[in-house]
Amino acid sequence: MLAPGMLKQVVSVTAQSKASSCFKLLSLPLLSPSPCRIPADASFHSTSFSEAEPPRVLITGGLGQLGIGLANLLRKRFGKDNVILSDIKKPSDHVFHSGPFVYADVLDYKSLRELVVNHRISWLFHYGALLSAVGEANVSLARDVNITGLHNILDVAAEHNVRLFVPSTIGAFGPTSPRNPAPDLCIQRPRTIYGVSKVHAELMGEYYYYRYGLDFRCLRYPGIISADSQPGGGTTDYAVEIFHAAAKNGTFECNLKASTRLPMMYISDCLRATLEVMEVPAECLSMRTYNISAMSFTPEELAQALRKHVPDFQITYRVDPLRQAIAESWPMNLDDSNARKDWGWKQDFDLPELVATMLNFHGASTRIAQAN
Ligand SMILES: NC(=O)c1ccc[n+]([C@@H]2O[C@H](COP(=O)([O-])OP(=O)(O)OC[C@H]3O[C@@H](n4cnc5c(N)ncnc54)[C@H](O)[C@@H]3O)[C@@H](O)[C@H]2O)c1
Ligand SMILES: C[C@@H](O)[C@H](N)C(=O)O
């Protein structure tokens with residue numbers, strides 16, 4: 001662990017210069033909004049990077065639902081060898097051969113520091129975490145990984161002048177937050193260890209920004225829906241599993257009530273937003289943690305949308321009381337007007353596009369599996 005004195009020494013110079021220049025920039029009116037807008041055709045799919053030197057990127061917890069997709073996106077943008085994926089799990093052959101992979105436990109400060117130094121990391125995406133449902137099943141592990149792990153990441157990033165992205169979540173709100181919609185700034189009293197750890201991350205990141213000049217950036221993700229990766233034990237997992245079930249046998253048993261409304265987003269929008277907020281000039285950001293939103297639906301509404309493609313699709317309900325209680329404490333919608341205003345955030349996928357895309361993927365996969 002970094003000795004507090006050492007952190008102070010290392011960051012005090014950058015803190016004064018970086019933080020004061022941020023204050024100056026943030027207090028100036030913007031002459032033109034254009035530097036804060038990522039063009040719609042931004043070369044996210046190109047293989048070249050227009051700036052002099054691309055960032056050297058580390059992703060922690062990268063073998064979960066979101067990390068491999070993020071690595072693919074960043075490798076297209078910055079080059080394969082500039083993006084290192086890490087986790088404590090063993091990667092598949094395909095992942096291992098598609099770019100740099102290393103073992104990294106976020107609880108081991110010294111090896112994180114070694115990685116950042118040896119690979120000259122300049123951007124870090126901290127995805128290692130336990131999600132809401134698995135966190136409640138193992139509170140002490142969730143507390144370690146989500147809170148102690150975050151402390152290690154904050155210290156190593158501040159010490160080595162690394163731009164840091166930490167995802168937060170709709171789970172950072174609680175039953176006393178406004179639910180429809182939840183604004184960026186409001187009461188946050190979550191009732192899960194996951195939510196508590198994410199509020200802690202939001203506040204610690206903002207504190208390190210003001211105190212040490214750490215370039216901390218954070219988005220509150222909705223439930224993320226992906227076709228080619230599995231969710232890691234959250235409350236919104238049903239919205240991914242339902243597509244596998246619809247494509248496989250046309251029926252699904254849902255563990256949330258039919259009327260449970262939650263904010264959701266397709267993975268490509270989530271990852272694009274993540275890259276956009278990391279690339280946007282610092283002076284465009286009026287805050288360090290933003291809500292982002294794309295759609296909001298209930299299991300019954302999702303089933304109805306699925307029936308437009310799979311007319312016989314059947315949904316039944318066997319409610320998991322733990323997940324239901326969590327879902328009922330979360331917002332139904334997020335107000336993301338600050339992200340739209342500050343850096344031009346806009347989703348590409350609404351519910352109909354999401355359903356068509358997910359079914360298309362699963363339909364194709366099923367046919368391939370049958371052919372084999
Ligand atoms: N998927 C979503 O719907 C969603 C929504 C909101 C926020 N997020 C956040 O995005 C991030 C990534 O989410 P995800 O869905 O990919 O999660 P996931 O549960 O699928 O993956 C998390 C990864 O963290 C790894 N991990 C666990 N302990 C670790 C440790 N000690 N050191 C290093 N890695 C460790 C796990 O092996 C796993 O691969 C998380 O911080 C999560 O809170 C996800
Ligand atoms: C919403 C999000 O943080 C995660 N999918 C969970 O349900 O725990």
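For ligands, and for the atoms within them, numbers begin at 1 and follow the listed sequence.
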(message) For atom 7 (O) of ligand 2, which of the options Val134, Thr192, Thr235 provides the nearest non-hydrogen atom?
(response) Thr235
(request) First locate atom CD1 of Ile292, then atom CZ of Arg340, and finally report the distance between them rounded to the nearest 0.5 Å. (result) 9.5 Å
(message) Please state which option from Asp105, Ile225, Thr169 has its nearest heavy atom closest to atom 31 (N) of ligand 1.
(response) Asp105
(message) Under a 4.0 Å threshold between the charged nitrogen and the carboxylate oxygen, would Asp336 count as salt-bridged to Lys341?
(response) no
(request) Do me a favour and list the nearest non-hydrogen protein atom to atom 40 (C) of ligand 1 with residue, atom name and distance? (result) Tyr127 O, 3.4 Å
(request) Write out the residue and atom name of the closest protein heavy atom to atom 8 (O) of ligand 2, then the distance separating them to 0.1 Å. (result) Ser132 OG, 2.6 Å
(message) Can you name the atoms of ligand 2, numbered from 1 with element, that are less than 4.0 Å from a heavy atom of Ile170?
(response) 1 (C)
(message) Looking at Thr235, is its backbone amide N or carbonyl O close enough to the side chain of Ser132 to form a donor-acceptor pair, meaning the two atoms are under 3.5 Å apart?
(response) yes
(message) Just verifying a value: how many Å separate Tyr127 OH and Ser86 OG, rounded to the nearest 0.5 Å?
(response) 12.5 Å
(message) Counting non-hydrogen protein atoms only, what is the nearest one to atom 37 (O) of ligand 1? Give residue, atom name and distance.
(response) Asp87 OD1, 2.7 Å
(message) How far is atom 34 (N) of ligand 1 from the closest protein heavy atom, and which atom is that?
(response) Gly61 CA, 3.7 Å
(request) Measure the acute angle between the ring planes of Phe78 and Trp123, then classify it against the limits of 30° and 60° as parallel, tilted or perpendicular. (result) perpendicular
(message) Among all protein heavy atoms in this structure, tell me which lies nearest to atom 6 (C) of ligand 1, with the distance rounded to 0.1 Å.
(response) Tyr221 CB, 3.3 Å
(request) For Ala129, counting its heavy atoms only, list the atoms of ligand 1 lying under 4.0 Å from any of them. (result) 22 (C), 24 (O), 40 (C), 41 (O)
(message) For atom 20 (O) of ligand 1, what's the nearest protein heavy-atom neighbour? Residue, atom name and distance, please.
(response) Gln65 N, 2.8 Å
(request) In plain terms, say whether Lys110 and Asp108 are close enough for a salt bridge, that is, a side-chain N and a carboxylate O under 4.0 Å apart. (result) no
(request) Would you mind reporting whether Val116 and Val162 have side-chain heavy atoms less than 4.5 Å apart? (result) yes
(request) Could you check which of Pro222, Pro167, Ser226, Gly223 puts a non-hydrogen atom nearest to atom 5 (C) of ligand 1? (result) Pro222
(message) Closer than 4.0 Å to some heavy atom of Leu131 - which atoms of ligand 2 meet that?
(response) 8 (O)
(request) Identify, for atom 28 (N) of ligand 1, the protein heavy atom at the shortest distance, and state residue, atom and that distance. (result) Ile88 CD1, 3.6 Å
(request) Return yes or no for this condition: an N or O of Asp237 is under 3.5 Å from an N or O of ligand 2. (result) no
(request) Using a strict cut-off of less than 4.0 Å between a Lys/Arg side-chain nitrogen and an Asp/Glu carboxylate oxygen, indicate whether Asp81 and Arg75 qualify as a salt bridge. (result) no
(request) Mark up the atoms of ligand 2 that fall under 4.0 Å of a heavy atom belonging to Trp330, in ascending order. (result) 1 (C), 6 (C), 7 (O), 8 (O)
(message) Which label fits Trp343 and Trp345: parallel for a plane angle under 30°, tilted from 30 to 60°, or perpendicular past 60°?
(response) tilted
(request) Could you tell me which atoms of ligand 2, counted from 1 in the order shown, lie closer than 4.0 angstrom to a heavy atom of Thr169? (result) 1 (C), 2 (C), 3 (O)
(request) Decide, yes or no, whether a salt bridge links Lys198 with Glu202 under the criterion of side-chain N to carboxylate O below 4.0 Å. (result) no
(message) Surrounding CD1 of Ile187 (heavy atoms of other residues, nucleotides or ligands, distance under 6.0 Å), is the total greater than 12?
(response) no
(message) Does Phe96, at its CZ atom, have more than 12 non-hydrogen atoms belonging to other residues, nucleotides or ligands within less than 6.0 Å?
(response) no
(request) Note the single closest protein heavy atom to atom 4 (C) of ligand 2, along with its residue, its atom name and the distance in Å. (result) Thr236 OG1, 3.9 Å
(request) Answer yes or no: does an N/O atom from Ile224 fall short of 3.5 Å to an N/O atom of ligand 1? (result) yes
(message) My understanding is that we take every heavy atom of each candidate and find the minimum distance to atom 41 (O) of ligand 1. Doing that for His126, Lys89, Lys198, which one comes out nearest?
(response) Lys198
(request) May I ask whether Tyr221 places a heavy atom under 4.0 Å from ligand 2? (result) no
(request) Have a look at Gly128, Ala104, Ser168 and point out the one with the heavy atom closest to atom 33 (C) of ligand 1. (result) Ala104
(request) Looking only at protein heavy atoms, identify the closest one to atom 21 (O) of ligand 1 and say how far it is in Å. (result) Gly64 CA, 3.2 Å
(request) Indicate the ring-plane relationship of Phe165 and Phe125, choosing parallel, tilted or perpendicular according to the 30° and 60° boundaries. (result) tilted
(request) Decide, yes or no, whether a salt bridge links Arg220 with Asp184 under the criterion of side-chain N to carboxylate O below 4.0 Å. (result) yes
(message) Give me the nearest non-hydrogen protein atom to atom 43 (O) of ligand 1 as residue plus atom name, then the distance to 0.1 Å.
(response) Tyr194 OH, 2.6 Å
(request) Measure from the side-chain N and O atoms of Arg323 to the backbone N and O of Gly234, and report whether any donor-acceptor pair falls under 3.5 Å. (result) yes
(request) Would you tell me which option among Leu141, Thr60, Leu66 has the nearest heavy-atom contact to atom 44 (C) of ligand 1? (result) Leu66
(request) Inspect the contact between Glu276 and Arg77 and indicate whether a charged nitrogen and a carboxylate oxygen are less than 4.0 angstrom apart. (result) no
(request) With heavy atoms of Tyr194 as the reference, note each atom of ligand 2 found under 4.0 Å away. (result) 2 (C), 3 (O), 8 (O)
(request) Report the part of Val106 (side chain from C-beta onward, or backbone N, CA, C, O) that has a heavy atom under 4.0 Å from ligand 1; answer both or neither where that applies. (result) both
(request) Can you sort out which atoms of ligand 1 are near Gly232, meaning under 4.0 Å from one of its heavy atoms? (result) 19 (O), 20 (O)
